[in-house]
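These notes concern the structure reproduced below.
Bear in mind that the values here come from a model prediction, so they are computed numbers and not experimental data.
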Amino acid sequence: REGVDESTGSLGRQPMKRLMRDMLTLVLLALLVPDPAGAAAARLRRCDLGLPRPFRCGHVVAPIRRVDPGLGTTRVAFAVRTRSDRSRPALAPIVAMDGGPGYSSTDGPFARSLVAVLAPLLRRHDLVLFDERGSGRSDVVGCAPLQRGLTQEAIAVGECADQLGPRFAGYTTAEAAHDLE
């Protein structure tokens with residue numbers, strides 16, 4: 001990724017500042033998101049994200065396109081790390097996702113960096129890592145031209161759109177925002 005020092009594998013000063021600023025912005029926004037009343041509870045199971053403290057993983061089932069439920073559904077995955085201080089009431093959960101697009105938020109490197117940066121907040125806040133549809137533990141988009149990586153990306157995306165037909169319009173920021181909500 002841009003800004004990585006090839007000799008050490010670490011981020012330079014400016015990219016690290018940007019990462020910290022973006023994470024802080026994400027945390028502040030997450031604190032303002034109300035807990036939706038009546039949200040259906042997902043079944044959670046213990047999952048290994050390569051961290052000492054376990055997460056619990058689950059998924060929700062969402063329509064491919066909310067305006068056309070006949071196109072089918074997709075599974076959207078997430079992982080939850082509960083707060084460490086159970087002696088006091090919980091504060092609003094922190095919800096995070098890698099801004100790839102296409103990167104998994106439940107992969108070890110992203111989860112480890114987030115837990116490290118947010119450690120003081122995780123005493124009172126649960127952490128929810130959200131995999132956008134088509135990435136990570138969510139249902140994958142089965143488009144051979146993209147997955148093989150042998151075709152130029154712009155051409156492969158067009159071929160994928162042709163293959164998916166009207167379901168292609170279900171992989172948008174708007175649908176991902178509805179999934180998160």
Side-chain angles (χ1 to χ4, degrees), residues 1-27 29-30 33 42 47-51 55 57-79 94-118 127-181:
R1 291 191 176 177
E2 182 181 317
V4 175
D5 181 337
E6 298 298 327
S7 64
T8 65
S10 64
L11 289 173
R13 248 183 123 92
Q14 290 304 318
M16 183 57 82
K17 283 182 178 180
R18 216 177 1 239
L19 175 66
M20 297 297 290
R21 184 195 67 225
D22 292 348
M23 285 186 175
L24 181 58
T25 302
L26 187 69
V27 168
L29 287 173
V33 175
C47 56
D48 181 14
L49 301 187
L51 291 155
F55 277 74
C57 290
H59 70 270
V60 294
V61 176
I64 293 287
R65 291 198 66 209
R66 283 164 175 81
V67 298
D68 189 356
L71 292 176
T73 60
T74 187
R75 289 176 354 127
V76 180
F78 61 92
I94 298 169
V95 179
M97 59 187 280
D98 197 339
Y103 292 107
S104 173
S105 299
T106 59
D107 274 353
F110 182 77
R112 275 191 299 280
S113 65
L114 213 52
V115 166
V117 169
L118 300 176
L127 175 61
V128 179
L129 303 178
F130 171 75
D131 279 334
E132 281 186 88
R133 46 176 72 200
S135 68
R137 296 170 188 259
S138 295
D139 284 345
V140 298
V141 178
C143 288
L146 282 175
Q147 283 139 347
R148 286 191 201 126
L150 300 175
T151 307
Q152 287 182 350
E153 190 172 316
I155 294 169
V157 169
E159 290 175 5
C160 184
D162 291 341
Q163 179 184 325
L164 290 173
R167 293 182 309 136
F168 180 73
Y171 294 91
T172 64
T173 301
E175 290 294 347
H178 285 296
D179 295 343
L180 182 57
E181 184 180 16

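To the nearest 0.5 angstrom, Leu164 atom CG is 8.5 Å from Ile64 atom CD1. Leu129 contributes atom CG, which lies 10.5 Å from atom CD1 of Ile94 (distance to the nearest 0.5 angstrom). Once rounded to the nearest 0.5 Å, the distance linking CZ of Arg133 with OG1 of Thr172 reads 7.0 Å. With rounding to the nearest 0.5 angstrom, the CG atom of Asp131 is 13.0 Å from the NE2 atom of His59. Taking CG of Asp98 as the reference point, atom CZ of Phe110 lies at 5.0 Å (rounded to 0.5 Å).
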Compile the donor-acceptor pairs under 3.5 Å between side chains in residues 154-162 and protein atoms, sequence neighbours left out, one pair per line.
none

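A salt bridge between Arg66 and Asp179 is present, with a side-chain N of the basic residue lying under 4.0 Å from a carboxylate O of the acidic one.
Using modelled atom types, no side-chain atom of Arg167 and backbone atom of Gly72 make a donor-acceptor pair closer than 3.5 Å. One N or O on the side chain of Asp139 and one on the backbone of Arg75 form a donor-acceptor pair closer than 3.5 Å. For Glu175 (side chain) and Ala62 (main-chain N/O), no donor-acceptor pair under 3.5 Å exists by modelled atom type. With hydrogens and angles ignored, the 3.5 Å screen pairs no side-chain donor or acceptor of Arg137 with any backbone N or O of Ser104.
The shortest heavy-atom contact between Leu49 and Ala111 is CD1-CB, 4.3 Å.
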**OP:** Decide yes or no on side chain to side chain contact (heavy atoms under 4.5 Å, CB included) for Ser138 and Thr74, but give the supporting numbers first.
**Re:** CA-CA 8 Å; Ser138 295; Thr74 187; 5.9 Å; no

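Side chains of Leu127 and Phe55 form a contact here, defined as non-hydrogen atoms less than 4.5 Å apart. For the pair Phe168/Val141, no side-chain contact is recorded, criterion being any heavy-atom separation below 4.5 Å from C-beta on.
For the salt bridge (charged side-chain N to carboxylate O under 4.0 Å, His left out) test, no residue two or more places apart in sequence or in another chain qualifies with Arg112.
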